[in-house]
Amino acid sequence: MPIDRDTMIEVIDVNKEYRMAGAIIHALVDVNLSIKSGDFVMIQGPTGCGKSTLLNVMSGLDLPDSGKVILDGENIARAKEDRLSRLRRQKVGFVFQDYNLISTLTAMENIEALLWPTVLSSKEIENRAIAALRDVEMLERKDHYPVEMSGGEKQRVALARAIVSKPRIIFGDEVSGNLDPESETMIMELLKKINEEYETTILIVTHRESVVKYGNVVVKMDKGRIKSVK
Ligand SMILES: Nc1ncnc2c1ncn2[C@@H]1O[C@H](COP(=O)(O)OP(=O)(O)OP(=O)(O)O)[C@@H](O)[C@H]1O
Ligand SMILES: [Mg+2]
């Protein structure tokens, strides 16, 4: 069956389980999901239902036990690690709950570090990092270290790092989980702007009802299964 050109991610019959001290945890059960290019997707569900596992499998951070994950036309479910890491670098940006910035690097250096190794000139790297910092309204803080920033500011730098490689897709796991309502609004508005201006496909896992309105697709999960897609 030919895949619609507009489809950015196709999850087909994906299963994943974890074995822990004799017990089997069915983290993903017969999951099927189709995400169109330019979608802004919210993934919701109770704790432990498999949201992070699904995000990790869709982004190539983890592999399913069975099934296919077609990311921008390529099945990554059986890809080798070097191919996966290249795909992640070329096509995917990540934002996590705890920012994952390198504490010994400034905001600017954290962003530039993502582009290495590269064929870009150091001037081009600098220009791209500056543009990304400007997009998240953090350019004036470019020489600051993570310890000198608030949670919301760190998350804006993390977002700049996620967009500096001009990814087709951004994956976020509880991106506003540690943020106050004002910082949450700012991060979500920035994601919305990126989604609209660059047509970046965005998938966000969230517990927060307050951010669901930013998505055009809401995926509800329960016990490793997809319950609804609206
Ligand atoms: N590395 C692992 N080893 C063993 N079990 C795991 C592992 N990762 C996740 N699990 C289990 O798989 C199930 C799904 O976990 P997952 O992290 O995807 O849930 P989640 O929906 O993201 O939960 P939360 O909202 O708490 O972040 C849970 O039962 C969890 O305990
Ligand atoms: Mg999770």
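Both counts, for ligands and for their atoms, begin at 1 and track the order of listing.
- Nearest to atom 28 (C) of ligand 1 by heavy atom, out of Gly48, Ala23, Cys49, is Gly48.
- No more than 12 heavy-atom neighbours from other residues, nucleotides or ligands sit within 6.0 angstrom of CZ on Arg19.
- Residue-environment remark: CD (Glu182) stays at or below the threshold of 12 foreign heavy atoms within 6.0 Å.
- Under 4.0 angstrom from ligand 1, the non-hydrogen atoms of His207 all belong to its side chain.
- Inspection of the His207 and Gln44 side chains reveals no N or O donor paired with an N or O acceptor under 3.5 Å.
- For atom 25 (O) of ligand 1, the closest heavy atom belonging to the protein is Lys51 NZ, 2.7 Å.
- Scanning Gly50, Gly45, Ser52, Gly224 for the heavy atom closest to atom 27 (O) of ligand 1 points to Ser52.
- Under a 4.0 Å N-O distance rule, the pair Glu81/Arg88 qualifies as a salt bridge.
- Using modelled atom types and a 3.5 Å distance limit, the side chains of Asn15 and Asp30 yield a donor-acceptor pair.
- Close approach to Ala27 involves these atoms of ligand 1, each under 4.0 Å from a residue heavy atom: 12 (O).
- At a heavy-atom distance under 4.0 Å, only side-chain atoms of Met20, from C-beta outward, approach ligand 1.
- Between the side chains of Asp173 and Ser52, at least one donor N or O lies within less than 3.5 Å of an accepting N or O.
- Screening the protein for N, O or S atoms under 2.8 Å from the Mg ion (ligand 2) yields 1; no waters enter the count.
- The pair Asp72-Lys91 meets the salt-bridge criterion, with a side-chain N (NZ, NE, NH1 or NH2) lying under 4.0 Å from an Asp/Glu carboxylate O.
- Annotation: side chain of Met8 is in contact with side chain of Arg168 (closest heavy-atom distance under 4.5 Å).
- By the 4.0 Å N-to-carboxylate-O rule, Glu189 lies too far from Lys193 to be salt-bridged with it.
- One option in Thr47, Thr53, Ile25 has a heavy atom closer to atom 16 (P) of ligand 1 than any other, and that option is Thr53.
- Ranking protein heavy atoms by distance to atom 6 (C) of ligand 1, first place goes to Tyr18 CD1, 3.2 Å.
- Under 4.0 Å is where a charged nitrogen must lie from a carboxylate oxygen, and between Arg141 and Glu153 at least one such pair does.
- Ligand 1 has no atom lying under 4.0 Å from any heavy atom of Arg19.
- Salt-bridge formation is detected for the pair Glu184/Arg208: a Lys NZ or Arg NE/NH1/NH2 atom is positioned less than 4.0 Å from an Asp or Glu carboxylate oxygen.
- In this structure, atom 31 (O) of ligand 1 is not in close contact with the protein, since no protein heavy atom lies within 4.0 Å of it.
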